[in-house]
Amino acid sequence: MRLAGKTAYITGAASGIGLAIAQLFAKEGAKIAIADLNPAAADAAAAGIVAAGGKAMGLAVDVTNEQQVDDSVDKAADQLGGLDILISNAGIQIVKPLVEFPFADWKKLLAVHLDGAFLTTRASLRHMYRQARGGSVIYMGSVHSKEASVLKAPYVTAKHGLEGLAKVVAKEGAEHKVRSNVICPGFVRTPLMEKQIPEQAKTLGISEQDVIKKVMLKDTVDGEFTTLADVAAAALFFASFESTALTGQSIVVSHGWFMQ
């Protein structure tokens, strides 16, 4: 039970990577706040954790809404006994060539990834600092925090930005024993990723199978997708690593797609 007595606030946690992390953290003893844009899905995910013997609550929150973020973080801390871990995971994807990218879509994507990370971090740090028991802030980056791909200008920009934010949090949080890290997965078969396959096939003029083999997995060492379990295990590693020896660092989980 590596997270016994801890409370984790996880955004985008009603499905995909966020849900996998929530479920693993609950098994490791953490109390979980499932924060998601979809209130019914958040409640259902929390109910599933409770049914499995864990403790969780669902929270409806738009991570780009300052008041909703502040209120939901406060509610989680009040009802679950403080806040020890933030997983900033909520994200969206819009795929288009840069010259065709609507400015509104650019702003929307950056708002979810960067504004959302800022707002949830600020709200969480206020609790972590006040509690004086340390904490862990973990951002869901991507291999695109390290490299670029065509058709993903705002996504690549946002994921690079999370690395900068994490380093600032690592420096500012050090005196409060708050750590900050970034997980950088390769392609994971989540609903968000599945949506990209037909979009890229249409834009690139190739088959969906070729998108998978020749675009998404072509640089991996084994032709395999990164799994939800892979990413959740990396999150557990950072969240349960008590010293600040690894603060400000990122870890790439990509089956060798990108090697540092």
Side-chain angles (χ1 to χ4, degrees), residues 10-21 35-39 41-42 60-66 68-69 87-121 138-166 182-219 225-226 228 231 250 252-254 257-258:
I10 306 174
T11 66
S15 65
I17 289 172
L19 179 58
I21 294 172
D36 201 273
L37 187 62
N38 185 327
V61 59
D62 175 352
V63 296
T64 69
N65 184 301
E66 181 177 13
Q68 286 187 28
V69 169
I87 307 289
S88 177
N89 168 73
I92 61 172
Q93 180 61 284
I94 303 169
V95 179
K96 285 185 176 68
L98 182 59
V99 294
E100 299 173 11
F101 224 102
F103 186 38
D105 285 348
W106 168 276
K107 291 190 288 184
K108 179 180 179 180
L109 195 148
L110 263 63
V112 172
H113 289 269
L114 291 180
D115 295 353
F118 163 71
L119 290 172
T120 53
T121 298
I138 300 173
Y139 300 102
M140 195 55 57
S142 165
V143 168
H144 290 108
S145 298
K146 310 289 185 180
E147 285 196 350
S149 290
V150 297
L151 311 179
K152 298 182 179 182
Y155 187 82
V156 171
T157 300
K159 293 302 187 181
H160 273 66
L162 290 176
E163 292 224 320
L165 177 59
V182 185
I183 299 171
C184 301
F187 284 104
V188 184
R189 297 205 80 152
T190 63
L192 181 66
M193 194 281 292
E194 293 287 354
K195 183 174 177 287
Q196 295 179 49
I197 297 174
E199 290 176 345
Q200 290 204 41
K202 181 179 179 180
T203 302
L204 297 174
I206 59 179
S207 70
E208 293 186 12
Q209 194 59 35
D210 279 347
V211 170
I212 293 172
K213 289 186 175 181
K214 298 180 180 180
V215 177
M216 292 181 168
L217 302 181
K218 71 181 182 69
D219 291 324
F225 282 101
T226 302
L228 295 173
V231 183
S250 60
V252 179
V253 187
S254 69
W257 169 14
F258 179 88

If you look at every heavy atom in [X] and [Y], which pair is closest and at what distance?
X    : Y    : answer
V112 : A90  : CG1-O, 3.9 Å
S254 : V143 : CB-CG2, 3.5 Å
A166 : V182 : CB-CG2, 3.5 Å
L165 : A117 : CD2-CB, 3.9 Å
G12  : N89  : O-ND2, 3.1 Å
D36  : A42  : CB-CB, 4.0 Å

Would you say that [X] contacts [Y] through its side chain, given a criterion of any heavy-atom pair below 4.5 Å between the two side chains?
X    : Y    : value
P102 : K96  : yes
I212 : L217 : yes
M216 : R189 : no
L110 : D115 : no
T11  : M140 : no
V252 : W257 : no
H113 : Y155 : yes
V61  : V69  : yes

The salt bridge (Lys or Arg N to Asp or Glu O under 4.0 Å) partners of E66 (sequence neighbours excluded) come to R122
What distance separates [X] [atom1] from [Y] [atom2], expressed to the nearest 0.5 Å?
X    : Y    : atom1 : atom2 : result
K213 : E208 : NZ    : CD    : 14.0 Å
I197 : Q209 : CD1   : CD    : 8.5 Å
L98  : W106 : CG    : CH2   : 7.0 Å
F187 : E194 : CZ    : CD    : 11.5 Å
T64  : I92  : OG1   : CD1   : 9.0 Å
N38  : S15  : CG    : OG    : 8.5 Å

ask   = How far apart are the C-alpha atoms of L109 and Q93, what are their side-chain angles, what is the distance that settles it, and do they pass the side-chain contact (heavy atoms from CB on, under 4.5 Å) test?
value = CA-CA 7 Å; L109 195 148; Q93 180 61 284; 3.9 Å; yes
Okay, side chain of T226, backbone of V253: is any donor-acceptor separation there less than 3.5 Å?
-> yes
Quick one: does any side-chain atom of H144 pair with a main-chain N or O of H160 as donor and acceptor, under 3.5 Å? no
- Item | side-chain contact (heavy atoms from CB on, under 4.5 Å) between I138 and I21, worked out | CA-CA 11 Å; I138 300 173; I21 294 172; over 6 Å; no
L228 and V188: side-chain contact (heavy atoms from CB on, under 4.5 Å), yes or no, with the steps? CA-CA 7 Å; L228 295 173; V188 184; 3.7 Å; yes
Q | From CA spacing to verdict: side-chain contact (heavy atoms from CB on, under 4.5 Å), V215, D210 | A | CA-CA 7 Å; V215 177; D210 279 347; over 6 Å; no
